Structures are given as C-alpha cells and as structure tokens.
Visitor: 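I'd like to ask some things about the structure below.
We name chains A, B, ... by the order of the sequence lines, and we start the count at 1 in each one. This is a predicted model, so every value here is computed, not measured.
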Amino acid sequence: MATLELVGIRKSFGAAGVLHGIDLSVADGEMVVIVGASGCGKSTLLRIVAGLETPTAGRVLIDGRDVTPLEPAERDIAMVFQNYALYPHMSVFDNMAYGLRIRRVPRAEIRRRVEETAALLGISALLDRRPRQLSGGQRQRVAMGRAIVREPRLFLFDEPLSNLDAKLRVQMRAEIRRLQKRLGVTSLFVTHDQIEAMTLGDRLVVMHEGRAAQIATPMEVWARPADTFVAGFIGSPAMNFLAARLAEEGRAAALAAGPVLRFADGPRPGAEGRRLVVGIRPEHVEARAGPEALPLAVDLAEPLGSETVLHGHLPGGESLTARLPGGLAPQAGEVLPLLLPAEALHVFDAETGRRLDPLEGMARR
Amino acid sequence: MRRRVIFRGKVLPYLLLAPQIAVTLVFFFWPAAQAVRQSLLREDPFGLRSEFVGLENFRAVLADPLYLNAVRNTAVFAAAVAGIALGAALFLAVQADKRIRGAGVYKTLLIWPYAVAPAVAAVLWLFLFHPSIGLIGRALNAAGMAWDYKLDGAQAMLLVIVAAAWKQVSYNFIFFLAGLQSIPASVLEAAAMDGARPAYRFWTVVFPLLSPTTFFLLVVNLTYAFFDTFGVIHALTGGGPGKATETLIYKVYVDGVQNLNFGGSAAQSVILMAIVIALTAVQFRSIERRVHY
Ligand SMILES: Nc1ncnc2c1ncn2[C@@H]1O[C@H](COP(=O)(O)OP(=O)(O)OP(=O)(O)O)[C@@H](O)[C@H]1O
Ligand SMILES: [Mg+2]
C-alpha cells in the first residue's frame with residue numbers, strides 16, 4: 001500500500017542525542033522489525049515515523065512524499081501501542097469505529113467494516129464491552145482491530161506483545177504475521193525480543209545506541225553479523241568472543257588461548273598481529289579432540305534433553321558456552337576438549353568491532 | 001485491602017475518638033438540633049415567650065414571595081457560579097497541561113485565590129468595580145456605560161457571581177489538572193493517529209474521561225455557591241439592591257439576625273440543611289462509584 005523511506009533521521013532531547021542518523025527504506029508490503037536493547041531509541045524512531053515526535057534532522061517519506069512536517073492525523077498511519085491505549089470510555093465497537101467516524105465513512109459501511117475486522121480477529125462477541133472488561137489478550141486484539149479497520153497506509157507496532165504471557169505471545173506473533181501477509185500492509189514492528197524479530201521480520205534493523213548497526217534479512221543478520229554487537233545480540237545463547245591476533249599473513253587467527261585457526265574462506269586484511277575478536281556460536285562448537293582443540297573447564301552444565309548447554313572457561317580465563325548434542329553429559333569440574341570449526345568462525349576487528357570479510361571477493365557465506 | 005489495628009477493650013477507641021466526637025456534637029449536632037427545635041416554635045422578638053406551632057413556620061416561609069425570590073436568585077447564582085468556575089478552571093487547566101514555559105509560575109498564581117478569605121476577595125472586587133473609586137467601574141462609566149451595581153440589580157448579581165466564581169476557580173483548577181494528568185498520553189496519541197484534531201480529541205476523549213472529576217466538582221461548586229458565599233455577598237452588595245442578590249443563605253441571616261424572626265429563619269436553615277445533606281449524599285455516592293465510564 002505504501003513505501004516508507006527514512007533519510008538521515010536524527011533526534012536529541014535537549015543535549016542528549018538519542019538517534020544519530022538512521023537511513024532505511026521499506027518496500028511496499030514489507031514487514032521490517034526494529035530490534036535492539038532497551039533505551040536504544042526504537043520507540044523514538046517509531047514515534048518520529050508516526051509524527052508524534054519531530055526529528056531534529058532528517059526526513060520521513062511515505063510513497064515518496066515528504067511527510068515530516070505533517071501532523072499524525074494527516075499521515076494515515078495506524079499504531080498499536082505497548083499498553084494498547086484503548087479509549088476506556090468507549091465500547092470495543094466505538095473504539096474501532098472512532099477513526100472511521102472521523103473520516104466520515106457512512107454508517108452502514110462502518111458497521112460492515114468493524115464487524116468484518118472483528119470476525120477476522122475473533123472478537124465479534126466482544127463488540128459491546130468496555131476495554132476494562134477484557135483480558136490482556138483480548139485488548140491486544142482490539143488494538144490490532146482498531147489499526148486494521150482503518151486500512152491505513154502503514155502499520156506501526158511498538159512492542160505490542162510484551163504484556164502478554166509466553167503462550168499467548170507465540171500465538172499472537174503467528175497471528176500478526178499471518179494478518180500482515182494477508183493484508184499486505186507495510187509495517188514497522190519494534191521489539192527487544194530477538195525470537196519475535198527473527199520470526200516476524202522480512203528484514204531486521206538491529207539498533208545500537210541510536211544507530212542502525214545492521215539492516216538485513218534475519219538469516220543474513222544471523223549468518224553474517226555486521227559487528228560484535230549484532231553478533232552478540234542475535235542468537236541464543238549468545239555468540240562466544242575470543243581475543244586473537246592476525247597471523248600467517250592474514251590467513252589465520254592466533255587465539256590468545258593458544259591455537260592458531262586457519263580461516264576457511266580466505267585471508268583478512270591488515271598487518272600481522274592486528275588485534276581481532278573471533279566469534280563462534282555455541283551450537284557450532286564441537287566436542288572433539290584434535291591438535292587445535294581448546295580445553296574447556298566446565299563450570300555449569302544445563303542438560304535440556306535434546307541438547308546440553310555448557311558454560312565454562314578456557315585456561316586464559318575467557319568464558320565460553322557450547323551447545324552440544326544431548327547424549328553428552330559432562331559434569332561441572334570436568335575438562336572437555338572443544339574444536340572450533342573454521343567455517344563457523346566470525347572475524348571482527350578488535351578496535352571497531354566491525355566484521356572483517358575475506359579479501360578476495362566473498363568466497364563463501 | 002484494609003489494614004486494621006486491633007485495640008483490646010472498648011474504652012481506648014472511644015477515648016481516642018472523644019475529641020472529634022465532642023467537636024462534632026458541640027458545633028454541629030447541638031446547633032442543628034437547636035435549629036430544628038426553633039423551626040417548630042414561634043418566639044416573640046424579645047425571646048421571652050415561645051410556643052409550639054408545628055410546621056407553621058415552614059408554611060409561612062414557603063408562601064413568602066420574598067423567599068421564592070431568594071430561591072430564584074439562588075438558582076441563577078449557583079448555576080452561574082458553578083458554570084463559570086468550572087468552565088474557566090477547565091480552560092486554564094487544559095492550558096497548564098500543555099508543555100509551556102513558565103508553567104510552574106502559572107500554576108502557582110492560579111492557586112492563590114483559594115487562599116484569600118471571601119470577605120477579602122469581595123473587597124478586592126469592590127476596589128475594581130466600585131462605580132466611583134473602582135478601577136474598572138470608573139472606566140466603564142467613563143466609556144459611557146451606566147455602571148452602578150448599587151442601583152442595578154442585574155449588575156449586582158453579575159458582580160457577586162463573578163467574585164464568587166473567581167474564588168472557586170483555583171480549587172477546580174487543581175482537580176481538573178490532576179484529572180488531565182491522569183489521562184494516559186498514549187490514549188491521546190492513539191486518537192491523534194486515528195485522525196482526531198485537538199478540539200475533536202478534547203470533546204470525544206478528554207472531556208468524557210474527566211467526567212467523574214467534573215461531576216464531583218459540580219456538586220462541590222453547588223455546595224459552595226449555596227452555603228459558602230455569604231461573605232462575598234455581604235461585603236459586596238449586602239443582598240441588595242432591593243433584594244436582587246439575596247440568596248437563601250443570605251436571607252437566613254437577614255430574617256434571623258436583622259429581622260429577629262427566629263422561627264422563620266430556623267425553618268429556612270432546616271430547609272438548607274436538607275439540601276446540603278442531599279448534595280453530600282449525592283457526592284458520597286459518586287465517590288464510591290468513581291468510574292463512570
Ligand atoms: N521525551 C523524552 N525526553 C527525554 N528523553 C527521552 C524522551 N523520550 C525518550 N527519551 C530517551 O531516549 C532514549 C531512547 O528512548 P526510547 O523510548 O526510544 O527507547 P526504546 O529503544 O524504545 O527502549 P525500550 O525497549 O525500553 O522501550 C532513552 O534514553 C530515553 O531516556
Ligand atoms: Mg520503547
């Protein structure tokens with residue numbers, strides 16, 4: 001229904017800078033999830049798109065038209081708030097009809113559209129109730145209904161699931177995805193839950209301290225994180241980071257813990273001895289002996305049935321987490337040899353935290 | 001949940017309550033009982049003899065055209081005072097709720113009038129509107145308007161209404177401001193995103209959500225206009241000219257203290273007491289059912 005483009009969005013509250021230049025373009029019908037730690041500016045960005053905050057610099061374009069100076073009412077955007085923000089003195093029907101009445105939609109059509117939307121969300125039986133007579137999940141649906149019924153150009157969601165219990169959250173997550181696909185409305189969805197982000201988004205914006213650390217598809221963010229923040233933020237348990245130096249003319253990393261690991265995908269740029277951070281996801285660590293094995297002193301073993309999560313430390317004191325098949329059941333205190341497969345390594349610059357890709361082309365992903 | 005402290009025995013709790021009970025008995029129940037008794041008696045002006053006359057005093061009061069005049073005055077006065085005080089306070093509170101520079105100073109200034117005694121407030125208005133020494137009064141006359149509230153009953157009524165309402169604005173303002181600040185910002189933002197302009201938002205969201213506060217204040221303001229405005233009227237117009245500003249409470253004073261018609265005055269007091277009890281009952285019920293939406 002619409003494309004959205006953000007150009008150089010900056011925002012500061014007084015002296016405190018919150019957003020430091022965000023660029024993003026969202027295609028028609030796309031669902032982009034903005035994910036990041038608490039306080040990184042996700043809500044602020046969303047509210048700027050909504051028109052509830054004015055950016056200090058930058059522009060918001062909807063369908064190529066600059067809407068930055070427009071009031072929220074003039075933007076034709078619907079938003080689902082974290083606390084739902086239903087009108088407490090109106091019935092569910094009136095809550096959903098409010099925006100349509102303002103647009104002077106004929107009575108009969110309002111009734112038809114509200115009833116259709118209510119049926120879509122399974123809240124037809126609740127139309128006469130007041131918000132305080134609803135459960136959290138029902139309120140959530142009404143808030144969604146109020147957004148959908150208007151058929152806006154853009155949907156904004158600000159952590160709409162965070163007040164629901166775990167089971168309902170999974171259910172609503174699937175439902176939002178289904179609805180968004182079916183209605184094909186361009187959407188921005190804010191969350192700090194990475195599972196929500198991975199499952200909902202066509203693309204993710206991983207935000208870190210007011211900047212977009214990476215904008216890419218969920219799989220790309222997982223497979224090729226742009227920096228150590230993204231690498232550590234996406235994936236659970238979080239990626240392991242080990243200090244290392246560039247060795248063998250860029251072809252290998254010499255871990256501070258001892259072994260020298262040769263890169264599977266080609267040499268990295270930089271002088272010999274350049275300080276690196278080598279990352280590896282816990283699920284890629286293998287419990288095998290070998291010449292490059294690391295001895296892990298197990299501090300804690302969490303057997304989860306199908307797998308076991310080990311937390312331990314290396315001789316140098318660096319901590320490491322491994323996710324191993326469930327058959328293995330090492331005890332705390334044991335020392336286990338672990339291999340870090342070369343093709344699963346992520347290489348980052350220690351100073352900037354940026355990902356270092358191989359020199360000659362992108363040999364492999 | 002109510003936290004309860006349990007005292008052993010029955011003496012201590014009554015002992016602790018005694019001062020409050022004594023004050024209530026001496027200053028409320030006893031005079032009230034006296035008024036009821038008095039309203040059933042006829043007394044000669046020197047207080048030497050009195051006889052029981054049943055409801056005769058009430059019958060006389062209700063048949064008195066001057067009393068009906070006071071009822072009419074009171075209705076106009078109370079409706080206007082409550083209307084103006086509520087309207088002005090709501091308007092000011094909405095302005096103060098916006099994020100403006102100097103909001104703190106503005107709020108403090110608005111609360112001051114409440115600290116001014118009614119008679120002092122009346123004197124302030126007198127200095128403003130007195131036809132020969134008042135600032136505005138003289139300006140009005142200079143501008144060719146025949147302003148003299150001592151001669152013109154309608155002008156006198158207008159003046160006491162404005163002076164009485166002015167004093168009540170502060171109180172209403174505080175409640176309205178608190179009410180406005182308890183409306184979640186996100187609800188208003190949701191309305192804005194639904195396409196509602198500020199004025200429409202106010203009438204469809206803000207005002208309905210304030211309705212419990214408004215109703216509570218309406219009762220308080222009516223009570224104030226009925227019973228607490230004696231000082232303002234006394235200092236400004238003394239009920240005149242020609243009983244144009246004589247309200248029920250003022251007539252109680254005129255009949256009892258000036259005309260020494262104790263029975264009639266007491267009967268009027270009892271009627272007023274019934275009104276205040278009714279208003280209080282309404283108010284208590286509204287507090288119990290705080291949520292109206
Ligand atoms: N109106 C405001 N005035 C001043 N500072 C603000 C204001 N709104 C937000 N901030 C600051 O901006 C920063 C980003 O806030 P924001 O609400 O966008 O975070 P968020 O990413 O949505 O966090 P969360 O996940 O906790 O909701 C925070 O440090 C916050 O303190
Ligand atoms: Mg937020």
Side-chain angles (χ1 to χ4, degrees), chain A residues 13-14 43 46-47 49-53 70-91 94-105 129-133 139 142-160 163, chain B residues 1 86 90 93-95 97-105 172 175-219 285-293:
Chain A
F13 292 105
S43 298
L46 206 65
R47 292 168 58 81
V49 175
L52 297 171
E53 303 275 2
L70 297 189
E71 291 290 316
E74 297 161 326
R75 296 192 183 194
D76 196 14
I77 296 177
M79 181 153 165
V80 180
F81 292 78
Q82 179 169 4
N83 64 358
Y84 316 137
L86 299 176
Y87 311 123
H89 58 298
M90 295 183 199
S91 67
D94 290 337
N95 261 280
M96 290 171 68
Y98 188 77
L100 297 177
R101 290 197 177 123
I102 290 170
R103 281 169 184 71
R104 304 194 187 288
V105 176
R129 296 219 202 150
R130 296 282 164 92
R132 73 186 149 87
Q133 298 166 318
R139 281 179 212 184
V142 175
M144 296 264 303
R146 184 172 66 177
I148 292 173
V149 76
R150 262 179 47 204
E151 298 173 8
R153 292 196 290 176
L154 210 61
F155 272 164
L156 306 179
F157 300 86
D158 192 356
E159 309 203 19
N163 287 346
Chain B
M1 284 297 277
L86 286 172
L90 181 56
V94 168
Q95 304 310 312
D97 194 38
K98 295 178 183 159
R99 280 176 284 174
I100 53 168
R101 207 173 289 223
V105 177
N172 298 348
F175 276 84
F176 273 135
L177 189 59
L180 285 172
Q181 288 176 347
S182 70
I183 297 177
S186 59
V187 171
L188 298 176
E189 288 171 355
M193 302 215 56
D194 263 347
R197 304 287 164 159
Y200 189 80
R201 218 147 65 207
F202 179 82
W203 290 113
T204 55
V205 179
V206 177
F207 193 70
L209 290 180
L210 277 181
S211 67
T213 309
T214 311
F215 182 72
F216 164 80
L217 285 176
L218 179 67
V219 176
R285 297 195 69 172
S286 80
I287 289 173
E288 274 162 25
R289 302 185 302 129
R290 191 167 290 155
V291 188
H292 289 265
Y293 43 80

Visitor: Going through the distances and angles, do Asp194(B) and Tyr87(A) end up as a side-chain contact (heavy atoms from CB on, under 4.5 Å)?
Guide: CA-CA 11 Å; Asp194(B) 263 347; Tyr87(A) 311 123; 2.8 Å; yes
Visitor: For chain B, find which of Gln82(A), Glu71(A), Glu74(A), Arg75(A) contributes the most heavy-atom pairs closer than 4.5 angstrom.
Guide: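 Ranked by contacts with chain B, first place is Glu74(A).
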Visitor: By a 4.5 Å heavy-atom criterion (distance strictly below it), what part of Leu100(A) contacts chain B: side chain, backbone, both, or neither?
Guide: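 No part of Leu100(A) comes within 4.5 Å of chain B.
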Visitor: Give me the atom names and distance for the closest heavy-atom approach of His89(A) to Pro208(B).
Guide: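 That would be CD2-CB, 3.3 Å.
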Visitor: Excluding sequence neighbours, so at least two apart, what forms salt bridge (charged side-chain N to carboxylate O under 4.0 Å, His left out) with Arg129(A)?
Guide: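 Partners of Arg129(A) by the salt bridge (charged side-chain N to carboxylate O under 4.0 Å, His left out) criterion come out as none, since no residue qualifies.
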Visitor: What pairs with Leu46(A) under side chain to side chain contact (heavy atoms under 4.5 Å, CB included), at least two apart in sequence or on another chain?
Guide: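 Listed in chain order: Met79(A), Leu156(A), Asp158(A), Leu188(A), Val190(A).
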Visitor: Pair Val187(B), Phe81(A) - check side-chain contact (heavy atoms from CB on, under 4.5 Å), show working.
Guide: CA-CA 9 Å; Val187(B) 171; Phe81(A) 292 78; over 6 Å; no
Visitor: If you take all heavy atoms of Thr204(B) and Met90(A), which pair is closest and at what distance?
Guide: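 Shortest heavy-atom separation between Thr204(B) and Met90(A) comes out as O-CE, 3.7 Å.
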Visitor: Starting at CE of Met193(B), measure out to CZ of Arg47(A) and round the result to the nearest 0.5 Å.
Guide: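 Separation between the atoms: 9.5 Å.
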Visitor: Apply ring-ring contact (aromatic ring centres under 6.0 Å, His included) to Phe157(A) and list each qualifying residue two or more places apart in sequence or on a separate chain.
Guide: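 In terms of ring-ring contact (aromatic ring centres under 6.0 Å, His included), with neighbours along the sequence ignored, Phe157(A) is linked to Phe155(A), Phe189(A).
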Visitor: When heavy-atom pairs shorter than 4.5 Å are enumerated against chain B, which of Asn83(A), Asp76(A), Val80(A) gives the highest number?
Guide: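 Highest number of pairs under 4.5 Å: Asn83(A).
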Visitor: Considering only heavy atoms, which portion of Ile77(A) lies under 4.5 Å from any heavy atom of chain B: side chain, backbone, both, or neither?
Guide: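 Interface part for Ile77(A): both.
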Visitor: Between Ala190(B) and Ala85(A), what is the shortest heavy-atom contact and its length?
Guide: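 Closest approach of Ala190(B) to Ala85(A), heavy atoms only: CB-O, 3.8 Å.
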Visitor: Which of residues 175-186 of chain B have a heavy atom under 4.5 Å from any heavy atom of chain A?
Guide: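 Checking residues 175-186 of chain B against chain A gives Ser186(B).
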